[in-house]
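Inspection log for the structure reproduced underneath, given as C-alpha cells.
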Amino acid sequence: MPEMLEVEEYRRLAALTLGRTITGVHAPDAWFLKGGLTPAQVTEVLLGRSFAADRRIGKLLLLDVDAGPTLGLRFGMTGRILVDGRAAIDRLEYSSDRNDPRWDRFGLDFADGGSMRMRDPRRLGGVELDPDEGRLGIDAAAITQAELRDVLGASDAPLKARLLDQARVAGIGNLLADEMLWRAGLDPARPSRSLSPADLRRLHRHLRATLDELGARGGSHMGDLQEMRSRDGVCPRDGTPLSRRTVGGRTTYSCPGHQR
DNA sequence: ATTGTGGCCTGCCCGC
DNA sequence: TGCGGGCAGGCCACAA
C-alpha cells in the first residue's frame, strides 16, 4: 500500500518511539529480515538502546539507533506500522481489514510498556540494518525542476517508468504516478526524452501539487483519478473512457483524450 | 548501462 | 458454499 505519502505518515508515527528504551525485539519471521540480518543480530543491536532520529527517503523509513546503526523499514505493498497499538492510516485500500495481529512480522517493546509493530500480510516489506541509502534517488517531495529534467534524461523509456525508478527519484509509486501524469496531461507511455520545456514545467508543477494535495487529503489513494481506476472508468475531467495498459511493468490508467 | 520480465508472498474479490 | 483465476499502492534478480 504505501507510497511516500503513507511512509511519511509512518515516519511521524515512528517519531513517537524516539528516546524510548527498547526492552523487547520480536522477529518471528526470519524471511522478513533482509541483507543477511538474523533475529539474534537485530536483537543484539537494539536491546537496551533507543532511537535518536527518524528519517525518510522515498518509501524507505529510517530509524537511527542512538550512537549505533540505522534500522531501515520497507513496507512493500501491504505493510503498515503501529505504535502503541495505533496505526497511522486506518483505512486501507483493497482490503476490508488488514489489521490482524497474525501479520506482525517485526516488533519492538519499550520500557514504558508501549510498542512498535510492522504488520504486513503479504510479507513484501522487510527490515534491514544500515540499508544502502545511496541507491535511492532524490526524494520526490523536494525535487526541483532541473533535477526532474535530469531524472527524465535523454531516455526512450516510458515517462512513467522513469518516475517509478526509485534510483532516480524516490517515493513515487503506481498510484501517484498515474495521478500526476493525468493531472499534467501527459501520456505515461511517452518516451521520457520527448517532453518539451513546457511539458517539463507542467509535470514538475503537478508533481509537487499532487504530493501536497494528496498528502493533505490523507494518502496516495485520494487522487481525483483514483475512483475511476477500474475497467469501465471514465476520465473525471472530460468523460473519455480511460485506457488500461501495462506501462513500466505496472497497471496504468490514463485518459486517451487529454493525456498526450 | 539501460530496460523489460518474471517472480516473490499472501489475501481478497469476482464469477462460475 | 466452494473453488479457481485474476489482481494488488513494491522491489529484486536476471536476461537481453
Side-chain angles (χ1 to χ4, degrees), chain A residues 1-10 28-36 56-61 72-81 88-89 91-106 118-128 131-133 135-137 140 150-182 188-193 210-211 214-215 217-223 225-233 244-253:
Chain A
M1 44 169 290
E3 302 187 34
M4 60 181 294
L5 300 178
E6 285 73 28
V7 179
E8 176 64 14
E9 292 197 40
Y10 295 176
D29 185 356
W31 194 88
F32 208 68
L33 302 180
K34 306 300 181 183
R56 179 190 61 79
I57 306 175
K59 305 168 192 171
L60 174 66
L61 177 59
L73 308 179
R74 297 179 191 278
F75 298 92
M77 289 170 73
T78 56
R80 62 199 318 220
I81 194 170
I89 300 164
R91 179 172 174 276
L92 295 168
E93 290 294 297
Y94 304 119
S95 170
S96 51
D97 179 20
R98 285 218 161 136
N99 199 21
D100 190 325
R102 286 177 306 170
W103 300 328
D104 285 357
R105 313 299 183 189
F106 184 78
M118 279 182 79
R119 194 162 283 181
D120 183 1
R122 276 175 72 184
R123 300 167 75 214
L124 290 171
V127 174
E128 187 177 0
D132 183 358
E133 302 175 25
R135 288 174 53 199
L136 290 171
D150 292 341
V151 163
L152 301 179
S155 169
D156 286 322
L159 178 54
K160 180 178 175 182
R162 280 268 160 150
L163 293 175
L164 292 175
D165 186 343
Q166 303 299 302
R168 293 193 157 80
V169 52
I172 299 173
N174 200 34
L175 293 186
L176 285 176
D178 276 7
E179 176 77 12
M180 63 183 63
L181 290 170
W182 175 79
R190 252 178 83 166
S192 186
R193 68 192 309 168
T210 297
L211 295 180
L214 271 54
R217 290 182 198 174
S220 305
H221 52 87
M222 299 301 286
L225 184 64
Q226 175 65 23
E227 64 177 311
M228 289 299 177
R229 281 182 62 97
S230 61
R231 305 252 177 193
D232 51 358
R244 179 188 191 273
R245 330 166 251 182
T246 298
V247 178
R250 310 300 304 276
T251 299
T252 298
Y253 287 90

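Labels below follow one simple rule: chain letters A, B, ... track the order of the sequence lines, proteins then strands, and each chain is numbered from 1.
The separation between A/D165 atom CG and C/dG10 atom C1' is 13 Å, rounded to whole Å. Remark: C1' of B/dC14 and CG of A/D232 are 14 Å apart, rounded to the nearest angstrom.
Here A/T251 pairs with A/R244, A/Y253 under the side chain to side chain contact (heavy atoms under 4.5 Å, CB included) rule; sequence neighbours left out.
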Provide a list of protein-nucleic acid N or O atom pairs under 3.5 angstrom, restricted to nucleotides 11-14 of chain C.
unit_1 : atom_1 : unit_2 : atom_2 : d
C/dC11 : OP2    : A/K59  : NZ     : 3.0

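For the P atoms, the distance from B/dG11 to C/dC12 is 23 Å, rounded to whole Å. Distance noted for atom P between C/dC7 and B/dT5: 16 Å (whole Å).
A salt bridge links A/D178 with A/K160: at least one charged nitrogen is closer than 4.0 Å to a carboxylate oxygen.
Listed candidates were C/dG10, B/dC12, B/dG4. Nearest to the side chain of A/W103 is B/dC12. Comparing C/dC7, C/dG10, B/dG4 by their closest approach to the side chain of A/E3 singles out C/dG10. For A/W31, taking side-chain heavy atoms from C-beta onward, the closest of the listed nucleotides B/dT2, C/dG6, B/dC8 is B/dC8.
The shortest distance between the side-chain N/O atoms of A/S155 and the OP1/OP2 oxygens of B/dT3 is below 4.0 Å. Distances shorter than 4.0 Å separate some side-chain N or O of A/T251 from OP1 or OP2 on C/dA8.
Judged by distance alone, with hydrogens and angles left aside, A/R122 brings a side-chain donor or acceptor within reach of the base of B/dC9, the pair sitting under 3.5 Å.
When base pairs are accepted only as Watson-Crick or G-U wobble with both N-N or N-O distances under 3.5 Å, DNA chain C takes part in stems of 3 or more pairs at B:2-8 with C:10-16, B:10-16 with C:2-8.
Between A/E6 atom CD and A/L176 atom CG the span is 7.0 Å, to the nearest 0.5 Å.
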